[in-house]
Protein chains: 2
Amino acid sequence: MTNRRAEEPERERVTIRTVAAHAGVSVTAVSKVTRNAYGVSEALRKKVEDSIAILGYRPSRAAQGLRGKTHTIGVLLIDIRNPFLPDVIGGINDVMAPANYRAMIGVGESRSQLETSLIESMIDYKMDGLVLVAPSLPADVISDYARQIPIVAVGYHDSGVKTFDTVNCNDQKGAALAVEAFQAQGYLDIGMLSLVAGHAHKVSVVRQREVGFRKAIKRAGLEERPIAKIALEAPDRENIMRDYINNPSRPRALFCWSDLDAIKLYDMATDMGVKVPDELAIIGYDNSPTTALRRIDLASIDQGGARLGELAAQTLLSRISGRKDAVKLLIEPTLVPRNSLGRVDAASQICRMWESHEVAYER
Amino acid sequence: MTNRRAEEPERERVTIRTVAAHAGVSVTAVSKVTRNAYGVSEALRKKVEDSIAILGYRPSRAAQGLRGKTHTIGVLLIDIRNPFLPDVIGGINDVMAPANYRAMIGVGESRSQLETSLIESMIDYKMDGLVLVAPSLPADVISDYARQIPIVAVGYHDSGVKTFDTVNCNDQKGAALAVEAFQAQGYLDIGMLSLVAGHAHKVSVVRQREVGFRKAIKRAGLEERPIAKIALEAPDRENIMRDYINNPSRPRALFCWSDLDAIKLYDMATDMGVKVPDELAIIGYDNSPTTALRRIDLASIDQGGARLGELAAQTLLSRISGRKDAVKLLIEPTLVPRNSLGRVDAASQICRMWESHEVAYER
DNA sequence: CGTTATTCGTATAACGTTACCCATATAACG
DNA sequence: CGTTATATGGGTAACGTTATACGAATAACG
């Protein structure tokens, strides 16, 4: 058997068998060493590790997947353009890399077709676990997948489902922070700009922000205005925004579901000669890098994307190593007061009032 | 054999064998249908496809990887924050999805350690091919990997290496566009802001832009100033920029290696009361979304990221299906003239002058 | 009608791991 | 000393595909 191999002219792939032969031990021994399983002496371990180093052996993940763990997790994103995703990914990598795990990212492009296809590919690759970031899939579908692979969802507010874990930032409170900041500035007509359904299901972060907004308005005893909604892929998006800004009965203070639209709206207002914040105050969501620019200076809600990523990774690791009960984590957002809010001084008081305290990570 | 299975209470994974049994055909037959290989009648195909649909069968990519194609490619990014990456990924997906391929993304975070580790993981997963975007690895290392898996590099100017394909935007011309646009505005002191070595090797896009800048300056007979360089991870980055702006002998017109820094510099100038473009004209690189904002309005070089992604995907597919000779593609950048450049009218002439023409894609 | 292609379908050996079970040697114990 | 633990190592079926080789049936041909 080994003789036949030796006759081959081209250098073949170095497999676990090559290592075993080189070290003069059994295949099982090598496997045990790489998995650091029980029942291997120091002498054996040394021999095997030396051979591995010399030969440059790397186990085939494909073969591992057929039998055991692959030490790889999948991360599913809705789209890459959303400015808060890099932070989340950074957080995930910061936890995964030291744990000797690699993260592979799939981009769903907001199409549930592609989204399920990617999830299934990751399952079929026998990845050890999945982090779904703001998935648009219904809970029972995710639950179904969760039977086949450990899953933690980020930005998915469903405390009922026990089959997978969730890690969230308190989106209702995020909206409340915005409303109360506006209120502290003396605004009485506060509106919200959101997304039309279809791009946002009941448990999505966007809907939660709407709920939080309504509750906060009611709590404050302010006028309850209908929430403006624009479809994400509407072709005449710009026109709709323009009309909105031009509408004389529009609110003077606007809370926006995402910086993505807040910045666009701000830009459009500038273009139309509408002064921000004097004629229109805006608070966005995600505290994306652009909002911090001096020439933009847009107040925004920070969800702590990196922290979300870290927690998601830790939660996933603990589930991979056997935890069965569902974990539901919730961290608190903060308001980053900036010029678009109005007078910054008053706003920073609000910020302190809601002092962020994290839910402790258990187990 | 099958009887033992039937006794099991929990529903087991539906494998190729399950399908074969359900359809009353051989395992090989099912495999042939899924791969649409030669030698299968219409009747057989129908039977198998029906069973597949009923049972919801999906081939295990792990097992496929052990034997054949996985219909998945890997994409390696340096870091996710770079604003031109989303376009590239979009372009890749646009080509890959219809071809029934999935793209898995790995993020290297500018650490060659993590970078190689991810590449190796992708190889070990038996992915069908790799797109490396602006890799920081030396050519011989990439060449080595290319022996194990089809590779196309984007943003890697090495026309000598025959073992892998490259798809690039003409970075030298991009720099030339900037210089000539400045010149057309009447600027005589034109500078460039770049990165220190270490983050940019000889064949990197950044170095190519430097080369293009120098050549263009010389060609125009302008004063040859040293190129300013700042390390990407320097802790006192902001201070260095501030000093640069304050330096009375700094150029009046500045070409910047990336919007990432161009925007930062612009913002800082604004903060310091230095007027753009009156006291400092700027041209960035990548034409990222932020540059288009009315309150930023930063001229920038557009590399056509989506087109780069599409070409890379097509090139990779053709190599996967057997092409052996190396393909080296080059597309042309365009200048997007905006306020930071000075008088826009003159600039748009330049733009027309360099009319973008793409290199035809060759099989 | 015999010979040769062509078409369709199957049996089976890989692919590179891991998990389970067993074999041996040595130590511990009564 | 016989019996039972405890380490340490190896043999070998899986895992779910694909690729090769081959058999059988039918068609084509002179």
Side-chain angles (χ1 to χ4, degrees), chain A residues 1-2 4-5 8 12-48 52 55 57-72 120-121 123-128 148, chain B residues 1-2 4-5 8 12-48 51-52 55-72 120-121 123-128 148:
Chain A
M1 191 74 97
T2 24
R4 196 179 56 72
R5 290 263 158 119
E8 298 291 334
E12 301 201 351
R13 192 191 215 286
V14 30
T15 109
I16 198 173
R17 242 169 282 272
T18 322
V19 178
H22 184 271
V25 296
S26 75
V27 173
T28 307
V30 178
S31 176
K32 275 181 174 174
V33 170
T34 60
R35 292 176 291 138
N36 48 52
Y38 174 81
V40 27
S41 68
E42 264 322 303
L44 181 72
R45 147 157 282 123
K46 174 104 179 64
K47 268 196 298 185
V48 171
I52 287 178
L55 297 172
Y57 165 72
R58 303 190 315 258
S60 152
R61 300 218 183 273
Q64 282 183 323
L66 221 45
R67 219 64 190 87
K69 310 267 104 188
T70 55
H71 292 276
T72 308
E120 290 174 356
S121 264
I123 293 176
D124 298 340
Y125 259 118
K126 281 283 162 60
M127 292 187 172
D128 293 347
Q148 309 173 52
Chain B
M1 191 74 99
T2 24
R4 195 179 56 74
R5 293 264 160 121
E8 299 290 333
E12 301 200 351
R13 191 190 217 286
V14 30
T15 101
I16 199 172
R17 244 168 280 272
T18 324
V19 177
H22 183 272
V25 297
S26 75
V27 172
T28 308
V30 179
S31 176
K32 273 184 175 175
V33 169
T34 60
R35 290 177 293 139
N36 49 53
Y38 174 81
V40 29
S41 68
E42 264 321 304
L44 179 71
R45 149 154 281 126
K46 174 107 181 61
K47 268 197 295 185
V48 171
S51 293
I52 287 179
L55 298 173
Y57 165 73
R58 301 190 318 257
S60 153
R61 300 220 183 270
Q64 282 183 322
L66 221 44
R67 218 64 189 87
K69 308 268 109 193
T70 55
H71 292 276
T72 309
E120 290 174 357
S121 264
I123 293 175
D124 298 341
Y125 259 121
K126 281 281 163 59
M127 291 185 172
D128 294 346
Q148 310 171 51

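Hydrogens, waters and symmetry mates are skipped; everything else that's a heavy atom, side chains included, is used. None of these values were measured; they are calculated from a predicted model.
- Put simply, OH on A/Y38 is 16 Å from P on D/dG10, counting in whole angstrom units.
- If you find the closest nucleotide of DNA chain D to A/A43 and to A/V27, the one lying nearer the 5' end belongs to A/A43.
- Using modelled atom types, one side-chain atom of A/T70 and one backbone atom of A/K126 make a donor-acceptor pair closer than 3.5 Å.
- Put simply, CD on A/Q64 is 13 Å from P on C/dG16, counting in whole angstrom units.
- The side chain of A/R13 places no N or O atom within less than 4.0 Å of a non-bridging phosphate oxygen (OP1 or OP2) of C/dC15.
- When Watson-Crick and G-U wobble pairs are counted only if both distances are under 3.5 Å, D/dT4 pairs with C/dA27.
- For the OP1/OP2 pair of D/dT17 and a distance below 4.0 Å, the side-chain nitrogens and oxygens of B/Y57 include at least one atom meeting the criterion.
- A/R45 comes within 4.0 angstrom of no nucleic acid atom, judged by non-hydrogen atoms across all strands.
- Counting to the nearest Å, the P atom of C/dG16 and the CG atom of A/L55 are 15 Å from each other.
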Evaluate side chain to side chain donor-acceptor pair (under 3.5 Å) for B/R35 paired with B/S31, printing each intermediate quantity in order.
CA-CA 6 Å; B/R35 290 177 293 139; B/S31 176; 3.0 Å; yes

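- When rounded to the nearest whole Å, the span between OH of A/Y125 and C1' of C/dT17 equals 17 Å.
- Using a 4.0 Å heavy-atom distance criterion, A/K69 is classed as making no nucleic acid contact.
- The base of C/dA11 is paired with the side chain of B/T28 by a donor and an acceptor separated by under 3.5 Å.
- Among C/dT10, D/dT18, C/dT17, the nucleotide with an atom closest to any side-chain atom of B/A29 is C/dT10.
- One finds a side-chain N or O of A/S41 lying less than 4.0 angstrom from the OP1 or OP2 phosphate oxygen of D/dG9.
- The distance between atom CZ of B/R67 and atom P of C/dA13, rounded to the nearest whole Å, is 12 Å.
- Between A/S26 and D/dG10, a side-chain N or O to OP1/OP2 separation shorter than 4.0 Å is present.
- Taking only side-chain atoms of B/K32, from C-beta outward, the nucleotide of C/dT18, C/dG9, D/dG16 with the closest atom is C/dG9.
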